[in-house]
A.B. asks: 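Structure below; questions to follow.
Lettering of chains follows the sequences in order, A, B, ..., and the numbering in each one begins at 1. None of the values given here were measured: they were computed from a predicted structure.
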Protein chains: 2
Amino acid sequence: MSAKRITWQSLHAEVSRRISDGLWKPGDLIPGEVDLAAEFGCARATVNRALRQLAQEGFLDRRRKAGTRVALHPVRKATLDISITRREVEQSGQVYSHKTLRRKQKSAPKHIQNIMGETQAAPLYLTTLHQAGKKPFMYETRWVNTDMVPNVLDADLTQISANEWLVENALFSKGEITFSAANASDAEAKILNVATGTAIFIIDRVTWNGPNVVTIVRLAYTPSFQMSTKI
Amino acid sequence: MSAKRITWQSLHAEVSRRISDGLWKPGDLIPGEVDLAAEFGCARATVNRALRQLAQEGFLDRRRKAGTRVALHPVRKATLDISITRREVEQSGQVYSHKTLRRKQKSAPKHIQNIMGETQAAPLYLTTLHQAGKKPFMYETRWVNTDMVPNVLDADLTQISANEWLVENALFSKGEITFSAANASDAEAKILNVATGTAIFIIDRVTWNGPNVVTIVRLAYTPSFQMSTKI
DNA sequence: AAGTGGTCTAGACCACGTC
DNA sequence: ACGTGGTCTAGACCACTTT
């Protein structure tokens, strides 16, 4: 007779069950790591691993000295996988293609300059239409800081999209993503082949390397687009 | 003379730096845990913790036997904090209030039934307007499975919103969130005090407990709303 | 002051997946 | 088959925060 070895996953599941069964209710203080380790007959590190995971998922609130409580307001953390557009399209079983509509080195408008700051060389302005099959899928408007990525000017962006090229060739350290909804402008509507004013899902992204902006991009998706995640 | 103790965070930062400095490029095989532990003079568990974190963030791909590589296509995982609406409003420095517009137990329309399945009792239909100050902030349309949460019928939802009540009183095990954009219908436009057709940010959420749907909710935000996250 | 979670160590065994 | 990451242990010390 040998007891099964406890894994942090099984502990995670058990604690999870106790919460969703209402055995431990929101706000309740649950036993400390040492106690749980004793109850389950495992090392404290294993308990820690399981509880840390649950806390990260928003089910528990943990504080030194105060102990671990079942989250009162489970701030649900939805994790979205932002993959490159080609993948996104191909995973839906369609053929991906893209075409560069504009590509020009020119001075940025004020609202872009405000974010990008002063640059030595003029930034590169790129607009790209991404297609699923023969239908428009997403319209991309991008500014690239050529100070940070000078060789983008020589890159062949017909085979590989700007996004993919930058991912593999530009260095970045952090980014910020914003999701919103907007009515399609005349220009966007025409490109995406929808009526002006159609509600469009927008993703804005700014990418930095250290203190410097690498690229600013706005993605406008076709109306059918939606972004899903499990929690 | 004593060297500073290595923490997993410092290791995380160092590996992160080597990637963003281009020392280790996308696709590169990086040293194994044992080697890194030797290089940094720490335990393998510490290296593991740092690399596991980086993998979870999408910067590394790890496979047994194959080793650890810098991610070729960094599937960036954006983590959104979905907090309850009251918090959201209050954190922007405004006064939160809500009012229930409709509250009725009735049979669900087909598209809701398709998700919720057959229920013994008729579900509860609730519509709520959430306000920031005196302005509309978000319009909520909700179906609650009364088989799963019978006492919701007796709950006083004037002081506390349905969302908050359910969070504290209903049990759930998993959920699915979908983000999209939609043009405001006449009804929605009127309630949110915008023009019909205005682009609206939509969050749809379905919550289960085990195999059963607990609640289905659709949140329609005012146009100025946007959702941000750092990566 | 004291209790709780946070982390590190050194060693061990295991599971998976590539070779 | 075997190398690599995945995980567990037992013990230790530390950091934070509340009492």
A.B. asks: Side chains of A:P123 and A:N145: closer than 4.5 Å at any heavy-atom pair?
C.D. replies: no
A.B. asks: Fit a plane to each ring of A:F225 and A:F137, take the angle between them on a 0 to 90° scale, and name the class: parallel (under 30°), tilted (30 to 60°) or perpendicular (over 60°).
C.D. replies: perpendicular
A.B. asks: Please determine if a side-chain N or O atom of A:R63 lies less than 4.0 Å away from the OP1 or OP2 oxygen of C:dT4.
C.D. replies: no
A.B. asks: Taking only the side-chain nitrogens and oxygens of A:Q9, find out if one of them lies under 4.0 Å from OP1 or OP2 of D:dT7.
C.D. replies: yes
A.B. asks: From CG of B:D61 over to P of C:dG17, roughly how many Å is that when rounded to an integer?
C.D. replies: 14 Å
A.B. asks: Check whether any side-chain N or O of A:N48 sits under 4.0 Å from OP1 or OP2 of C:dG6, and answer yes or no.
C.D. replies: yes
A.B. asks: When you check the side-chain N and O atoms of B:T178 and A:S228, is any donor under 3.5 Å from an acceptor?
C.D. replies: yes
A.B. asks: In the structure I gave you, are the side-chain heavy atoms of B:S161 and B:T85 within less than 4.5 Å of one another anywhere?
C.D. replies: no
A.B. asks: Could you tell me the separation between the CZ atom of A:R69 and the C1' atom of C:dT4, rounded to a whole number of Å?
C.D. replies: 12 Å
A.B. asks: Using a strict threshold of under 4.0 Å (side-chain N to carboxylate O), is an ion pair present between A:E33 and A:R52?
C.D. replies: no
A.B. asks: Would you mind reading off the distance between B:R5 atom CZ and C:dC8 atom P, rounded to a whole angstrom?
C.D. replies: 8 Å
A.B. asks: Between C1' on D:dT4 and CD1 on B:I30, what's the gap in Å once rounded to a whole number?
C.D. replies: 12 Å
A.B. asks: Indicate whether OP1 or OP2 belonging to C:dG5 is found under 4.0 Å from a side-chain N or O atom of A:R52.
C.D. replies: no
A.B. asks: How long is the line joining CD of A:Q53 and P of C:dG6, in whole Å?
C.D. replies: 13 Å
A.B. asks: A:A66 side chain: which of D:dT18, D:dG6, C:dG5 is closest?
C.D. replies: D:dT18
A.B. asks: What is the distance from CD1 of A:I6 to C1' of D:dC8, rounded to the nearest Å?
C.D. replies: 11 Å
A.B. asks: When the nearest nucleotide of DNA chain C is assigned to B:T7 and to A:L51 on a heavy-atom basis, which residue is associated with the more 5' position?
C.D. replies: A:L51
A.B. asks: Check whether any side-chain N or O of B:T46 sits under 4.0 Å from OP1 or OP2 of C:dT7, and answer yes or no.
C.D. replies: no
A.B. asks: In whole Å, I'd like the distance from the NZ atom of A:K65 to the C1' atom of D:dT18.
C.D. replies: 5 Å
A.B. asks: Are a donor atom and an acceptor atom from the side chains of B:R142 and B:T128 found within less than 3.5 Å of each other?
C.D. replies: no
A.B. asks: To the nearest Å, give me how far apart CZ (A:R49) and P (D:dG6) are.
C.D. replies: 9 Å
A.B. asks: Under 3.5 Å between N/O atoms: give me all the protein pairs with nucleotides 10-14 of chain C, atom names plus distance.
C.D. replies:
unit_1: C:dA12; atom_1: N6; unit_2: B:R44; atom_2: NH2; d: 3.0

A.B. asks: Are B:T68 and D:dT4 close enough that a side-chain N or O sits under 4.0 Å from OP1 or OP2?
C.D. replies: no
A.B. asks: Quick one: on DNA chain D, does A:G41 or B:P31 contact a more 5' nucleotide (nearest heavy atom)?
C.D. replies: B:P31
A.B. asks: Pairing donors with acceptors under 3.5 angstrom, does anything connect the side chains of A:H98 and A:E164?
C.D. replies: no
